[in-house]
J.: 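Please read through the structure below; I'll follow up with questions.
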Amino acid sequence: MEAMRLIEATRLALTRADAVQDVVVEAWQAQALAEVIGSYFAGSASPTARWEAQGLSEAGGRACGALGRPALNHPTLRSGAIRAVQLTEVRDPRRVLLALGVLLGDVGIALVEVACVAEEGLYWQCVEAVDAADESRDRVFGMLRELTAYREGGAA
C-alpha cells in the first residue's frame with residue numbers, strides 16, 4: 001500500500017480513538033509506520049538523508065518499545081492488524097514526509113493527553129514515547145531539508 005494511504009488511515013484512526021488504550025494503539029501504529037518509512041528511505045536516500053532515515057527508523061522502534069506492553073495487549077494488534085507492514089511504495093517522498101511529520105505531532109499531543117490521565121506506569125511509557133515521537137519528527141524534518149538541498153543542488 002502507498003505510504004500516504006497508510007498515513008491518512010493512521011491519522012484518521014488516531015482522531016477517532018476515544019479510549020486511552022485506543023490512543024496508545026494508534027500512537028504505536030504511527031511509530032511503527034515511522035520506523036518502516038525510515039527503513040524504506042534508508043535503502044534509497046543520499047548518504048546524509050540515509051543517516052536521518054536510519055535515525056527515524058530507530059526512534060520509531062524505540063517509541064514502539066515504550067508503548068509495546070499496553071499496545072500489544074490490545075485486540076487490534078493481537079489480531080495482526082499492523083498497518084506499517086503493508087507499505088509497498090512511496091510515490092511522493094516530500095508529501096509523505098510532510099504528512100508523517102504532522103502525524104507524529106498529533107501523536108505527541110495525543111500521548112500527552114493520555115499521560116495526564118494515566119496511572120504511573122503508563123504515564124512514564126507515554127513520556128518516553130513522546131520523546132521518541134519528537135525525535136522522529138526531528139528526523140523527518142532533517143530528511144526534508146536533505147531532500148530540498150538535493151533538489152536545489154540537482155537543479156543548479
Side-chain angles (χ1 to χ4, degrees), residues 1 3-15 17 19-88 90 93-94 96-147:
M1 186 178 296
M4 279 305 299
R5 288 185 59 202
L6 292 170
I7 291 168
E8 289 166 359
T10 303
R11 192 158 186 228
L12 179 62
L14 181 64
T15 61
V20 166
Q21 280 303 109
D22 295 337
V23 172
V24 169
V25 166
E26 294 311 324
W28 188 95
Q29 290 270 21
Q31 288 292 7
L33 190 54
E35 181 179 12
V36 170
I37 289 173
S39 293
Y40 183 93
F41 280 112
S44 62
S46 69
T48 307
R50 188 173 302 127
W51 181 80
E52 294 285 1
Q54 289 169 337
L56 172 62
S57 183
E58 291 168 10
R62 253 191 329 281
C64 287
L67 295 171
R69 187 171 40 102
L72 294 174
N73 289 331
H74 194 274
T76 303
L77 293 183
R78 280 198 315 250
S79 69
I82 300 170
R83 288 183 208 102
V85 300
Q86 299 175 40
L87 179 70
T88 57
V90 175
R94 185 175 188 285
V96 165
L97 290 171
L98 288 169
L100 183 59
V102 170
L103 175 61
L104 292 168
D106 292 346
V107 164
I109 292 167
L111 288 172
V112 167
E113 291 173 358
V114 167
C116 288
V117 299
E119 93 289 339
E120 187 175 351
L122 182 57
Y123 170 84
W124 288 111
Q125 289 172 315
C126 287
V127 168
E128 187 177 335
V130 167
D131 287 345
D134 286 343
E135 182 182 346
S136 295
R137 198 161 183 244
D138 290 345
R139 297 297 185 156
V140 165
F141 292 130
M143 291 171 65
L144 280 166
R145 281 189 301 276
E146 289 302 318
L147 183 62

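In what follows, residues are counted from 1 in the order of the sequence shown. No hydrogens, no waters, no symmetry mates; every other heavy atom, side chains included, goes into these values.
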J.: To the nearest 0.5 Å, tell me how far C64 SG sits from Q29 CD.
T.: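 Nearest 0.5 Å value for the SG-CD distance: 8.5 Å.
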J.: If I take atom CD from residue E146 and atom CH2 from residue W51, how far apart are they, to the nearest 0.5 angstrom?
T.: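 Taking CD in E146 and CH2 in W51, the distance rounds to 10.0 Å.
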J.: Measuring from atom CG of L56 to atom CG of D138, what distance do you get when rounded to the nearest 0.5 angstrom?
T.: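 Result: 10.5 Å between the selected atoms.
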J.: Check this for me, if you would: do E26 and R83 make a salt bridge, where the nitrogen-to-carboxylate-oxygen distance has to be below 4.0 angstrom?
T.: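 Salt bridge flag = yes for R83 with E26.
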J.: To the nearest 0.5 Å, what is the distance between CD1 on I7 and CZ on R5?
T.: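 Between atom CD1 of I7 and atom CZ of R5 there are 12.5 Å.
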J.: Which is it for Q86 and L6 under the side-chain contact (heavy atoms from CB on, under 4.5 Å) test, yes or no, and what are the steps along the way?
T.: CA-CA 8 Å; Q86 299 175 40; L6 292 170; 4.1 Å; yes
J.: Got L104 and Q31 here, is their nearest side-chain heavy-atom distance under 4.5 Å?
T.: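 Heavy-atom side-chain distance check passes, below 4.5 Å.
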J.: Kindly give the heavy-atom pair with the smallest separation between A27 and L111, and that separation in Å.
T.: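 Heavy atoms only, the tightest pair is CB-CD2, 3.7 Å.
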J.: Would you say F41 and L97 make side-chain contact, with heavy atoms under 4.5 Å?
T.: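 Side chain of F41 against side chain of L97, heavy atoms only: contact under 4.5 Å found.
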J.: Is the shortest side-chain heavy-atom distance between L14 and T10 below 4.5 Å?
T.: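 A side-chain contact is absent here, since even the closest heavy-atom pair is not under 4.5 Å.
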J.: Evaluate the side-chain proximity of V102 to R11: yes if any heavy-atom separation is below 4.5 Å, no if none is.
T.: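 Touching, per the 4.5 Å side-chain cut-off.
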J.: Does a side-chain heavy-atom distance below 4.5 Å link L122 with V24?
T.: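 They are in contact (side-chain heavy atoms under 4.5 Å apart), so the answer is yes.
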J.: Report the C-alpha distance between E35 and R62 in whole Å, list the side-chain angles of each, state the deciding distance to 0.1 Å, and finish with yes or no for salt bridge (charged side-chain N to carboxylate O under 4.0 Å, His left out).
T.: CA-CA 9 Å; E35 181 179 12; R62 253 191 329 281; over 6 Å; no
J.: Just checking E119: does its CD atom have more than 12 heavy atoms from other residues, nucleotides or ligands closer to it than 6.0 angstrom?
T.: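 Yes, because the 6.0 Å sphere around CD of E119 holds more than 12 heavy atoms from other groups.
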J.: Do the non-hydrogen side-chain atoms of L98 and V140 ever get within less than 4.5 Å of each other?
T.: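 Of all side-chain heavy-atom pairs linking V140 with L98, none is under 4.5 Å.
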J.: Can you give me the closest heavy-atom contact between A42 and A53, atom names plus distance?
T.: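 So the minimum-distance heavy-atom pair works out to N-CB, 3.5 Å.
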J.: Walk me through whether V114 and Y123 qualify under side-chain contact (heavy atoms from CB on, under 4.5 Å).
T.: CA-CA 8 Å; V114 167; Y123 170 84; over 6 Å; no
J.: Working to the nearest 0.5 Å, report the span between CD of Q54 and CD of E52.
T.: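 The CD atom of Q54 sits 10.5 Å away from the CD atom of E52.
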J.: Of all the heavy-atom pairs spanning G60 and S136, show the shortest one and how long it is.
T.: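 Closest approach of G60 to S136: N-OG, 3.6 Å.
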J.: If I compare all heavy atoms of W28 with all of L67, which pair ends up nearest, and what's the gap?
T.: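 For W28 versus L67, the nearest heavy atoms are N-CD1, 3.9 Å.
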J.: Is there a side-chain contact between V112 and C126, using heavy atoms and a 4.5 Å cut-off?
T.: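 No, every pair of side-chain atoms sits at 4.5 Å or beyond.
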J.: Rounded to the nearest 0.5 Å, how far apart are CD1 of I37 and OG of S57?
T.: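 The CD1 atom of I37 sits 10.5 Å away from the OG atom of S57.
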J.: What heavy-atom pair brings L87 and V90 nearest, and what distance separates the two atoms?
T.: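 It is CD1-CG2, 4.5 Å.
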J.: Given side chains that start at C-beta, do those of V23 and E113 come closer than 4.5 Å, heavy atoms only?
T.: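 Not touching, per the 4.5 Å side-chain cut-off.
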J.: Tell me whether R139 is salt-bridged to E58, with the criterion being a basic N under 4.0 Å from an acidic carboxylate O.
T.: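 No salt bridge links R139 with E58.
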